[in-house]
Structure formats: structure tokens, C-alpha cells
Amino acid sequence: MNSKSCIICGSKSIEFFSELRDYRLNDKKNKFQYYRCKKCGLIFQYPQFSFEEMNVYYDQNTPLNNFPTKGIKKFLLEYGFTKRAKVILNLQKNGYLLDIGCGSGDFMIFMSNHSKFNISCTEINHASVYKLKHSYGINAKQGILEEIRFPNDQFNIITMWDVIEHIQNPNEILSEIRRILKPNGYLIIRI
């Protein structure tokens, strides 16, 4: 994106929304600016990373083993995972689940232990994908969704937790999601 314009509708009528850091990453210095489109209401990160920048940033900063084994941190993380799982399980109890941008993969590990879904996920972080494949047997794919090329109508539920605001062209990924989502399937997005 060369100029500040909405990544969905293209409007140049945008306003500064907030500056935040990503608390899940081990980077306490960098903050990211978010803007809101006055026309369609979308909130998006600007400037956005290129795929190459995002790949380097997340490879260096995404914690791989951040699931605590005891204490309040474990309780809070499991509480958050349980809330996410409830959203999914209220829609459907089994089938094919895809999580786009799974990060460390801890939620996918949680779902593999607490549901009957056949689980797949995507992530740009090489080490996360390796860990999920080799340590947990999860169908993890490295890269961006549009290049992975899952089969048509494969997934009953697709989730994107805190991902779409980082995507340079959401229309492209949403089009790909529509292709791989089964008819009457569900897309869950959290921003």
C-alpha cells in the first residue's frame, strides 16, 4: 500500500485509530499504528508489513513454547482457549477446522486435545510449523493461504484470530477462504 487508503473499499477517508504493541511477541519496543476507514469502518494496520518483513518479524519474535504449565498464566490462557473453542463447538462438533495464522500453535494443540475436529493450520513462522508437524502431528502448512492451495470445499470452519488486520489485501484471502470453505461452512474472525 503506497498511500493511506482503506485496504477493503479503497477510500482515502481514514483516521488514526490507535497505536499498540503486540503483547504476544517478545518485542516491547515496536508499536503498530492502526487506522479506521470512515466509509466502511474497517480498522487496519498502517504501514503494513510486506510478506517478507512479516516472515522475518514473526520468525524472530513468535514464542514457540509459551504455554505455561502452572499458575495464573496457565489458567488465563486455558480460559481464553476454552472461550474460543466454545465459539467453534457451538457451531459444529466435528469436521475439518483450519486456523489461518496460528502463531505458536498452542490453540491448535488445545483443539486437538479437546475436540473431534480434523485440524489444519497455516503460519509463516517456520519453527512453529515444524513444531506442530513433528511434535504434535498437526497438519501445519508454512506460508500464506493463497499459495498453499487447499482443495475446494475442504473446511467446515475456518478461523482467523488477530490475523486479518495484518493482511495486505483482505479481499484476496477472503476469496480464497470462500473457495476452500464448504457450503454452509463458518468463517470466524477476531480482530
Side-chain angles (χ1 to χ4, degrees), residues 6-10 22 24 34 36-37 39-45 48-49 51 54-55 58 62 66-67 77-126 128-191:
C6 178
I7 58 178
I8 293 288
C9 72
D22 191 335
R24 294 166 300 150
Y34 292 86
R36 186 181 70 80
C37 176
K39 183 176 179 185
C40 71
L42 178 74
I43 297 171
F44 60 96
Q45 180 181 330
Q48 289 183 294
F49 291 139
F51 175 73
M54 180 126 11
N55 200 10
Y58 280 88
T62 301
N66 61 345
F67 198 95
L77 194 59
E78 285 182 347
Y79 176 75
F81 287 169
T82 301
K83 282 180 67 176
R84 284 186 193 184
K86 207 179 251 188
V87 169
I88 294 167
L89 295 170
N90 282 339
L91 297 171
Q92 194 161 328
K93 302 291 184 214
N94 57 33
Y96 291 86
L97 169 66
L98 172 65
D99 185 34
I100 299 169
C102 69
S104 67
D106 289 336
F107 180 60
M108 291 294 90
I109 296 166
F110 181 88
M111 285 300 291
S112 71
N113 293 328
H114 293 88
S115 77
K116 296 178 181 176
F117 277 97
N118 181 322
I119 294 172
S120 298
C121 56
T122 69
E123 174 55 40
I124 61 174
N125 181 294
H126 295 76
S128 289
V129 170
Y130 184 87
K131 176 189 84 166
L132 290 167
K133 279 182 177 180
H134 295 93
S135 297
Y136 297 96
I138 291 176
N139 181 27
K141 304 282 186 186
Q142 196 276 324
I144 59 173
L145 182 67
E146 300 91 275
E147 294 175 359
I148 293 171
R149 302 300 297 165
F150 286 107
N152 291 345
D153 304 328
Q154 182 172 355
F155 298 101
N156 302 93
I157 297 179
I158 298 176
T159 60
M160 295 177 75
W161 310 101
D162 308 311
V163 170
I164 199 160
E165 64 268 28
H166 302 288
I167 303 293
Q168 287 195 353
N169 191 338
N171 291 326
E172 286 179 16
I173 197 168
L174 292 172
S175 179
E176 180 66 4
I177 288 168
R178 183 176 186 176
R179 184 185 69 76
I180 64 175
L181 190 62
K182 290 182 184 242
N184 301 316
Y186 298 95
L187 171 60
I188 301 167
I189 298 175
R190 181 179 84 176
I191 298 176

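Fair warning: this is a prediction, and the values are worked out from it, not measured in the lab.
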Report yes or no: does [X] contribute a side-chain atom to a donor-acceptor pair with the main-chain N or O of [Y] at less than 3.5 Å?
| X | Y | answer |
| --- | --- | --- |
| Q45 | Y34 | no |
| S175 | N171 | no |
| K131 | S104 | yes |
| K133 | V129 | no |
| Q142 | I124 | yes |

Residue of the set L42, I164, N169 for which side chain to side chain contact (heavy atoms under 4.5 Å, CB included) holds with I7 |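 So, applying the side chain to side chain contact (heavy atoms under 4.5 Å, CB included) to I7 and each of L42, I164, N169, only L42 qualifies.
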Per the side chain to side chain contact (heavy atoms under 4.5 Å, CB included) rule, which among I119, L145, L187 passes with L98?
-> L145
Return the minimal non-hydrogen interatomic distance between [X] and [Y], and the atom names on each side.
| X | Y | value |
| --- | --- | --- |
| G101 | V163 | O-CG2, 3.8 Å |
| M108 | S120 | SD-O, 4.0 Å |
| R149 | E146 | CD-O, 3.3 Å |

Validation row: [X], [Y] side chains within 4.5 angstrom (heavy atoms):
| X | Y | answer |
| --- | --- | --- |
| I173 | M160 | yes |
| I180 | P151 | no |
| L97 | N156 | no |
| I188 | I88 | yes |
| I177 | I100 | yes |
| Y186 | I158 | no |
| I167 | F44 | no |
| T122 | F150 | yes |

Between F81 and F107, does the ring centre distance come in under 6.0 Å?
-> yes
Could you name each residue pair satisfying side-chain hydrogen bond (donor to acceptor under 3.5 Å, both in side chains) that touches residues 108-119, not counting sequence neighbours?
-> none
Between atom [atom1] of [X] and atom [atom2] of [Y], what is the distance when rounded to the nearest 0.5 Å?
| X | Y | atom1 | atom2 | value |
| --- | --- | --- | --- | --- |
| L89 | F117 | CG | CZ | 6.0 Å |
| R84 | Y79 | CZ | OH | 13.0 Å |
| C121 | L132 | SG | CG | 5.0 Å |
| E78 | F110 | CD | CZ | 6.5 Å |
| Q92 | N94 | CD | CG | 6.5 Å |

Start with the C-alpha distance between C9 and C37, add both sets of side-chain angles, then the distance that settles side chain to side chain contact (heavy atoms under 4.5 Å, CB included), and finish with yes or no.
-> CA-CA 9 Å; C9 72; C37 176; 3.6 Å; yes
Enclosure of [X] [atom1] (heavy-atom neighbours >12, cutoff 6.0 Å):
| X | atom1 | answer |
| --- | --- | --- |
| K93 | NZ | yes |
| R178 | CZ | no |
| Y96 | OH | no |

Basic-acidic side-chain contact under 4.0 Å: K141, E123 | no
